[in-house]
Every structure is written in C-alpha cells, then in structure tokens.
Amino acid sequence: MTRDSLRAIFSRPTLDVAPELLGMLLVHAEPGGRRVGRIVEVEAYLGPDDRASHARFGETARSRPMYGEAGRAYVYLVYGMYDCLNVVTGPIGAPHAILIRAVEPLEGIDAIRAARIEAELRSRRSLGPADVERIRARIGRTPAERLAAGPGRVGAAFGLDRSLTGSDLLDPAQAVHLEARPAGSPTLRIETSKRLGIDFAGEPWVDRPWRFTIAGNRSVSR
DNA sequence: CTACCGATCCCCT
DNA sequence: GGGGATCGGTAGA
C-alpha cells in the first residue's frame, strides 16, 4: 500500500479510520533492530466539541498538531510521566486524532522489554539497587503480550516522546511509522466500548462508544 | 504568579 | 480499593 493511499484513508472521517487502524503495524526501525507491534486498541477524539479531547480549548500550542495533516504524530505527556501516541486524522483544520492504546508485540520482543525497563528506571527519581532489581525482575517476567498493553506502555516500549510530534507516521523512511495490515490477514472481529479515564468530560462524551478493540485479544489494556 | 488537575501506571492494603 | 509520582496546560488573580 502506497503512502498516498494510506494518507487518503487517514483523511477520512475519524470514526471510519479508527477500526481501520486495528491490525495495522506500529514499527520502530533502526540499524540495531526492528520493533513491531500489531495495533489492538484505539480511541477516537473528535475535538473541538468533544470535551474529552485536548482540542476542547481550541487551537493552543499543545493541540495545534491535531489541526494539521492526517497521518502525522501527536504525542502528549500525561500525569507528568507517560508519553502517549496519537495519529492525526480527518481533513486539515479538523482537530481529530486517534490514541493508540495498546499493541501486541510481534518482533523485537527483547528490545521492547529493554525499552520498558529503561523507561521505568529513568522515570523514578530515587531508587536503590533493590528497586532496580525489582523493576528488572517484574518486567523480565511480564508476558510479551502485556508489554505494550496500555497507552503509557506503548510509549515506553517503543521509546516515544513528544519530540516525535509532527513526524509523518506514513513515511516508511522514518524510524517510527505505521504499516498496512499484512496481505492475507484474516478479517477482524471488532468491539466498541466507552473511552477510559475521561470522567471529567461529562455527558454525553463519557458514554460515546469511541474505543475500538480487537475482540478477545490478549494485549488489550485492562 | 499560583492553583488545580489530568486521554496512566505501579504498589500496597 | 486507594494513594503517590511528576510536570505541563489552562485559568484566574
């Protein structure tokens, strides 16, 4: 699939794009190796009306990337600790984005595990040798399918941060990019549900079924 | 300038 | 089931 045809897909209405994103691949390619995860959980944010969206305050320094071209990255920091990846969607001027909430690791499991450990050690202010050992042990025994089961974990597993914002996720020359579903992939059974962690948004936004998951997949967040 | 709080995750009880 | 970590965005003084 060409970059232009992918761009056309991501420029369509966001609620049509979200299910299409499931099954696509999140790739981190570098000379040392390749990390690949299958996207299994996403959430749509349809600003500026959507009171759960970062674009609910209109176009600000933070939300500006969402107003731009579809297929580019919007990475934000939550709770002062976790970088979360969105794909900008819809036409230019519509501040829409889709949050990648979970991926199923397919390649580069060791590198993904190492990145999770590195991120966790970096985020802790003070830690003794016992803490380091405890973190290494915990992530060391985490099943591969749970290593990127959550938006903060996706960011950590793929070494993402806000400097990625604005980069073209549809350009395969970029270290971090998206790839189409492999040819011959089976048809997915998709479920919808309410978005998580947005109680602050109130009615009717909390109840919108704008979370999309691959039914039964073991890498979906809990 | 200060105050408040968040699209999360981990640990303990 | 509940609290802490940690910091940037936004609003209001």
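This is a predicted model, so every value here is computed, not measured.
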To the side chain of [X], which of [options] is closest?
X         : options                 : value
Leu77(A)  : dG8(C), dA7(B), dA5(C)  : dG8(C)
Pro151(A) : dC9(B), dA7(B), dT10(C) : dC9(B)
Met81(A)  : dT6(C), dG8(C), dC10(B) : dT6(C)

Pick the nucleotide of DNA chain B nearest each of Phe200(A) and Arg138(A); which residue has the one closer to the 5' end?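 The residue mapped nearer the 5' terminus is Phe200(A).
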Which residue, Arg153(A) or Val78(A), contacts DNA chain B at a nucleotide closer to its 5' end, judged by nearest heavy atom? Val78(A)
With the criterion set at under 5.5 Å between ring centres and under 30 degrees between planes, would dT8(B) be stacked on Tyr82(A)? no
Whether the side chain of Asn86(A) engages the backbone of Tyr74(A) through a donor-acceptor N/O pair (distance < 3.5 Å, no angle test) should be reported.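 It does hold such a pair.
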Verify whether one side chain among Thr2(A) and Asp4(A) offers a donor that lies under 3.5 Å from an acceptor in the other.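 Checked: Thr2(A)/Asp4(A) side chains show no N/O donor-acceptor pair below 3.5 Å.
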Gap between atoms [atom1] and [atom2], on [X] and [N] respectively (whole Å):
X         : N       : atom1 : atom2 : answer
Arg64(A)  : dG9(C)  : CZ    : P     : 12 Å
Arg62(A)  : dG8(C)  : CZ    : P     : 12 Å
Tyr76(A)  : dT10(C) : OH    : P     : 14 Å
Asp161(A) : dT8(B)  : CG    : P     : 19 Å
Arg211(A) : dT8(B)  : CZ    : C1'   : 14 Å
Arg208(A) : dA7(B)  : CZ    : P     : 18 Å
Ile117(A) : dC9(B)  : CD1   : P     : 17 Å
Ile135(A) : dC10(B) : CD1   : C1'   : 10 Å

Sugar-phosphate only, base, or nothing, as touched by [X] at under 4.0 Å among non-hydrogen atoms:
X         : value
Leu99(A)  : base
Arg134(A) : sugar-phosphate
Arg222(A) : nothing
Arg51(A)  : nothing
Phe57(A)  : sugar-phosphate

When you compare the side chain of Asp50(A) with that of Arg56(A), does any pair of heavy atoms fall below 4.5 Å? no
Do Val220(A) and Ile214(A) come within less than 4.5 Å of each other through their side chains, counting heavy atoms only? no
Residue-phosphate contact under 4.0 Å: [X] side-chain N/O, [N] OP1/OP2:
X         : N       : result
Arg101(A) : dT8(B)  : yes
Arg56(A)  : dT10(C) : no
Arg195(A) : dT8(B)  : no
Ser123(A) : dA5(C)  : no

Ion pair check, Arg211(A) and Glu191(A), cut-off under 4.0 Å: no
Val36(A) reachable from Val87(A) in the ILVMFWY side-chain graph, under 4.5 Å edges: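 Each belongs to a different hydrophobic cluster.
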Under 3.5 Å for both donor-acceptor distances, Watson-Crick or wobble: does dT6(C) have a partner, and if so which one? none
Let's test this: given Watson-Crick or G-U wobble pairing with both distances under 3.5 Å, identify the partner of dA7(B). none
If the C1' atom of dA7(B) is compared with that of dG1(C), how far apart are they to the nearest Å?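 Result for the C1' pair: 22 Å, nearest Å.
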Test for a donor-acceptor pair under 3.5 Å between the base of dA5(C) and the side chain of Tyr79(A), counting only N and O atoms.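 A donor-acceptor contact between them is absent.
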Ring-face cation of Arg195(A) near Tyr45(A) (centre distance under 6.0 Å, axis angle within 45°): yes
